[in-house]
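Structure, as structure tokens:
Lettering of chains follows the sequences in order, A, B, ..., and the numbering in each one begins at 1.
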Amino acid sequence: MQTKRSTFSNKWLPYALLAPQVIITLIFFVWPASQALIQSVYRQGDAFGIRPPTFVGFRNFMLLFEDALYLNSLKVTLIFSVGTTLLSMSVALLFAVMVNRMIRSRDSYTTFLVWPYAIAPAIAGVLWWFIFNPNIGILPYVLQGVGYNWNHRSSSNDAMILIIIAAAWKQISYNFLFFLAGLQSIPHSLIEAAAIDGASRMKRFWTIVFPLLSPITFFLMVVNIVYAMFDTFGVIHATTEGGPAQATNILVYKVFRDGFVNLNIGSSAAQSVILMGIVIVLTVVQFRYIERRVNY
Amino acid sequence: MASIHIDNLHKVYAGGVQAVTGISLDVQDGEMIVLVGPSGCGKSTLLRMVAGLETISSGTLKIGDRVVNNLEPADRDIAMVFQNYALYPHMTVYNNLAYGLKNRKMPKAEIDRRVQEAATMLEIAPFLDRKPRNLSGGQRQRVAMGRALVREPAAFLFDEPLSNLDAKLRVQMRVEIKQLQRRLRTTSLYVTHDQLEALTLADRLVVLNGGMIEQVGTPMEVYNKPASLFVAGFIGSPAMNMISADYLREKGAVFPKSLPEGTDLIGIRPDELTLVPPTGDQLAVSGKLMLLEPAGAESHLYIHLEGSDQPVVMRVSGVPDMQDGQTVQMHAKVDALHPFSKATGRRTG
């Protein structure tokens, strides 16, 4: 393959052009990441310099895995990300299938369904805070009517449901677009052939359409898990703040609480390093399988 | 197996476009009917209405003794072969064939028997474990046929099944489809825009134009006695020459018998024009040779008639020794003339 090479007359120009991106990466990514790596193996010194930071090896990590609160946070994160991914993907797929059946109104529906994606997570969080507010919210009021006493400030189940809905809501737009594009790329004659072959509408969906969507489904699954684990800080901060009683304290939020609120920098750094590891694994999985595609 | 009765079928799309306007057709049990016509003539729409993939705006459609107007495609007991084959890409060839049978809750052993039988018949048995993407175009075509075959339906519907194949394979598959249909004697509706495919495959040919039937008949009937100017121009290659009757008279051509009333156009097939006078009643006309086109075993002569804008095409065997610009005397048997009326577009006799 031939690649076109540009040559610069000035030796420094290419470096100068690259510099902004490199500097940003260094300051906002490489430096904090290396700090986290270093801090994760140190015990924090005191504020007056009487006891200097001490090297403790993997003690921070070991302590984490003996800590019931951390293990609880792992469990909460698992429930939260699986719940968010399942909810956002299934609702998005349902919308996509329904919109795909429209003919003239398809574009308008698509536009409306994509709008939520443009809303900042914190704003969406406040929105949900109002809707679910046990005192003034509309939803608890309605639920009271059917005999359910909603209170996400005292019930950990309610709190979990709240953050799953709030986090999934925004992601539905994104998933919807991908699913719709996927559905439109399936040749119509396949569906017709299946109809002639005696498959009911449901059967056609599960035996033809869904398998053909599998590459997109897999891609979205990874993207959504990454989103739920790392991108939902705003949602939680604006709604439950990790409560009640750690019920919604997912890993990312716990890093923030332990580090910036409780000032346990060593533990917080160790948690960040674990998160970094998870991101790396997910990214590798994504690249490996998306490259090869889940082939049919 | 069953006959198909199409009675005054109409298709009007939501925008008001009329795709099919009042088509009536009786397909006998075991017959192979080819629907042929240019793009947009409604042939595919008609086929899809029979399949149940398009709703019927008005009219009656019967397969066997049942009116199937409002039945789902699955309940019409038909099988269809699509232009792009529409094989399920995520299933093996075996499962592609078995899918329709599984949906009908057929016992496993029976499914297996039918799939194996069809695979043997179509010579795709070695590929049963492969996915469609690992097959060549011709093999995919066979799988698509096999999927229709295993169902043992009342009728086969073919929607331009050969148009994605290269020329050589197309001829080969055409022969195989014909042999298969002869053997199984399953009622078949076959859509194509290729007139050669239509002539070779059909028991009867239906020529469609503008959503209406121009002519129904055996291939030889349609070829020898085209009912309209459209059919005359569409069936046969090179197309039939059309010369105004007045022009011929002016040039001194003598029609031994009087022409049927209303005739103002005379159609002559390129191979019915000869350089040597035939025996019996004949018509003669002369023109200048514009171009000689050798095409292997035969040659096409393009002859300019003075005062006419359309050249006359003539087909002769071999390559005659002629020069461009030379005057050519053409002869045609009077029996071979096709009289048409320009005004109605129909044959006059």
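When each of A/Pro187, A/Ala195, A/Ser189 is scored by its heavy-atom pairs under 4.5 Å with chain B, the top score falls to A/Ser189. Counting heavy-atom pairs closer than 4.5 Å to chain A, the top-ranked of the candidates B/Asn84, B/Asp75, B/Asp159 is B/Asn84. For the set B/Gly52, B/Ala51, B/Gly100, B/Ala14, the count of heavy-atom pairs under 4.5 angstrom toward chain A peaks at B/Gly100.
If you measure heavy-atom distances from B/Ala79 to chain A, the contacts under 4.5 Å come from the backbone alone. The contact between B/Arg48 and chain A is made entirely by side chain atoms (from C-beta outward), counting heavy-atom distances below 4.5 Å. Neither the backbone nor the side chain of B/Leu157 comes within contact range of chain A, judged by heavy atoms closer than 4.5 Å.
Annotation: side chain of B/Tyr85 is not in contact with side chain of A/Leu190 (no heavy-atom distance under 4.5 Å). Counting heavy atoms from C-beta outward, B/Tyr88 and A/Leu212 have side chains that stay 4.5 Å or more apart. A heavy-atom distance below 4.5 Å is not found between the side chains of B/Asn103 and A/Thr207.
Shown here is B/Tyr13, whose OH atom has more than 12 heavy atoms of other residues, nucleotides or ligands within 6.0 Å. Annotation: B/Glu72, atom CD; neighbour count of heavy atoms from other residues, nucleotides and ligands within 6.0 Å does not exceed 12. Surrounding CZ of A/Phe233 are more than 12 heavy atoms belonging to other residues, nucleotides or ligands, all under 6.0 Å away.
A salt bridge is absent between B/Lys102 and A/Asp197: the closest approach of a Lys/Arg side-chain nitrogen to an acidic carboxylate oxygen does not fall below 4.0 angstrom.
Expressed to the nearest 0.5 Å, how far NZ of A/Lys203 lies from OH of B/Tyr99 amounts to 6.5 Å.
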- Give the intermediate values and the outcome of side-chain contact (heavy atoms from CB on, under 4.5 Å) for residues B/Arg76 and A/Ile196. CA-CA 8 Å; B/Arg76 297 189 179 195; A/Ile196 292 177; over 6 Å; no
